[in-house]
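Inspection log for the structure reproduced underneath, given as structure tokens.
First listed ligand is number 1; within each ligand, the first listed atom is number 1. For reference, positions follow the sequence shown, starting with 1.
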Amino acid sequence: MVIFGASGDLTGRKLIPALYNIAADGELPPTLKVVGFARREKSNESFREELEEMNKKVSRQGHDDRLWASFSQSIFYHRSEFEDAEGYERLAKLLDDLDQQGAGGNRLFYLSTSPDYFPIVLERLKAAGLHRAAEGKWARVVIEKPFGTDLETAQALNRAVYDTFDEKDTYRIDHYLGKETAQNIMVLRFANAIFEPIWNSRYIDHVQISCAENLGMEGGRGGYYDKAGCLRDMVQNHLLQLLSLVAMEPPTDLSADGVRDEKVKVFRSLRHFKDARDVADNVVRAQYTEGTINGKPAVGYRQEDRINPESMTEAYVAVKISIDTWRWEGVPFYLRVGKQLPKKTTEISIHFKRPPHVLFNKGTEDDSANVLVMRIQPDEGISLRIQSKIPGPAARTERVKMDFHYSTSFGKKASPEAYERLLLDAMSGDATLFARGDEVENAWRYIDIIENAWHGESGQPPMCHYPAGSWGPSEADELLRRDGREWRRL
Ligand code: BG6
């Protein structure tokens with residue numbers, strides 16, 4: 001495995017700890033060697049030491065010195081500029097040497113550089129002949145997000161990829177797909193007979209997908225974020241991917257293309273907004289202002305490190321999405337996602353229609369709708385809200401919850417990190433949990449219309465505001481209130 005951009009944050013915080021934990025579970029292929037490819041001057045030893053420090057801090061299963069000592073012997077550092085053809089020749093030589101030491105000849109190239117370098121790395125890999133494996137072996141590429149910044153750049157990047165690798169050897173990361181509970185959406189829907197018959201517009205009133213974060217622009221992320229914004233950073237990929245898992249038709253099998261063919265149909269059925277007015281009516285964008293989070297003061301978005309003080313970039317989005325299919329006709333999907341909200345939590349809630357005839361609690365406000373909640377993180381699990389009779393002589397009912405928690409059913413150790421699953425899948429050649437080129441392009445088609453309305457010449461919808469530490473702007477509440485609905489309390 002060769003990690004391009006190995007001195008970046010992702011390698012130390014996610015990739016190496018993921019490999020270490022796979023090793024701790026005894027599932028790491030014993031022949032695996034990892035080569036960090038980056039521009040800074042480092043030796044194998046200093047690279048390993050840095051990674052060790054980080055692994056001690058973040059490893060899911062703790063850090064065992066003995067395991068690290070053997071695991072880290074498989075990690076190497078290769079210094080080169082990303083443009084430098086000669087650096088790739090030397091890389092080829094290093095990989096051959098490692099093969100001689102038993103690495104086995106397969107190649108996983110992990111692109112984790114700044115995205116500007118993706119095309120040049122692909123081109124240089126091809127020029128050095130590294131994109132083709134030896135007879136009977138494979139060469140694959142894993143590409144980190146962001147995959148383009150709009151449709152045009154995503155298409156250009158897809159062309160650059162296809163010039164070097166086949167789609168079947170291309171693994172576009174969306175780490176939300178690696179989350180245990182995201183994978184469970186398909187299991188819940190298709191391994192249980194009771195849900196699918198009611199999973200449609202006859203029984204479902206609407207769907208909410210909420211992703212709250214209680215962080216701002218820590219760790220120098222402002223520079224990237226202020227250019228991207230919340231819509232590109234979270235909605236185009238993670239949230240639309242979750243939506244596609246909820247909305248897709250049952251695949252005929254679990255092959256990568258079987259699943260992704262169904263998901264791409266969802267992306268193609270997203271109803272595009274007609275114009276800036278339509279966008280303004282259905283999408284809320286917002287920035288946080290000064291506030292308090294967990295008792296600590298927090299600055300506003302425009303005062304954050306590396307953010308333009310006059311920035312028009314959104315840190316929060318709420319959107320009402322319509323899906324033009326028989327199954328989802330008239331069922332809105334409301335998505336909301338933002339930074340500096342009161343806590344970190346992601347969940348999907350399916351709000352069913354009310355019983356057609358009211359028998360109980362007459363004259364009081366009707367809150368009898370069943371709600372199925374899939375908690376993606378934290379406290380992963382699933383709950384179903386139902387009505388129950390309050391004990392006693394009166395025929396009165398109250399909401400109660402049937403609740404499944406991963407931690408109680410499967411124990412704490414059960415939830416591997418998303419990157420662990422995704423790296424293992426990429427090594428074993430299963431691309432089901434990776435985005436295919438056409439999924440990504442169709443997601444951008446939908447997103448571009450909103451971006452263009454926000455940054456177009458005229459009629460730009462307003463930027464709304466919410467104090468840091470609050471649950472978002474009042475305009476997002478209004479988006480549901482006008483439909484007679486409200487956001488679920490998180
Ligand atoms: C990343 C985004 O893809 O996902 C970040 O770039 C965001 O802005 C992160 O914080 C959230 O991931 P998770 O797994 O912590 O929910």
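Residue Arg306 comes nearest to Asp226 through the heavy atom pair O-CB, 4.4 Å, listed as atom of the first residue, atom of the second, then distance.
Contact atoms of ligand 1 toward Lys339: 5 (C), 7 (C), 8 (O), 10 (O) (distance under 4.0 Å to a heavy atom of the residue). Atom numbering of ligand 1 starts at 1 in the shown order; those under 4.0 Å from a heavy atom of Lys344 are 13 (P), 15 (O), 16 (O). Here is the list of ligand 1 atoms found below 4.0 Å of a heavy atom in Lys145: 1 (C), 2 (C), 3 (O), 6 (O). For ligand 1 and Gln377, the ligand atoms under 4.0 Å from any heavy atom of the residue are 13 (P), 16 (O). Of all atoms in ligand 1, numbered sequentially from 1 with element shown, those under 4.0 Å from a heavy atom of Asp233 are 2 (C), 5 (C), 6 (O), 8 (O). Of all the atoms in ligand 1, the ones that sit under 4.0 Å from a non-hydrogen atom of Tyr176 are 11 (C), 12 (O), 13 (P), 14 (O), 16 (O).
Polar contact with ligand 1: absent for Tyr224 (N/O pair, distance under 3.5 Å).
Closest to atom 5 (C) of ligand 1, if we only count protein heavy atoms, is Arg221 NH1, 3.2 Å. Atom 12 (O) of ligand 1 has as its closest protein heavy atom His175 NE2, 3.1 Å.
Within 6.0 Å of the CD atom in Glu478, the count of heavy atoms belonging to other residues, nucleotides or ligands exceeds 12.
Contact check for Tyr225 versus Cys230: side-chain heavy atoms found under the 4.5 Å cut-off.
Aromatic ring centres of Tyr334 and His206: separated by under 6.0 Å. Taking the six-membered ring wherever Trp is involved, the centroid distance between the rings of Tyr466 and Trp471 does not fall below 6.0 Å.
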task: Take Asp281 and Lys320, measure what salt bridge (Lys or Arg N to Asp or Glu O under 4.0 Å) needs, and give me the verdict at the end.
output: CA-CA 9 Å; Asp281 285 347; Lys320 176 181 175 183; over 6 Å; no
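Nearest residue to atom 7 (C) of ligand 1 from Lys179, Glu213, Glu144 is Glu213 (criterion: closest heavy atom).
Taking the six-membered ring for Trp and thresholds of 30 and 60 degrees, Tyr20 and His63 have nearly parallel ring planes, at less than 30 degrees apart.
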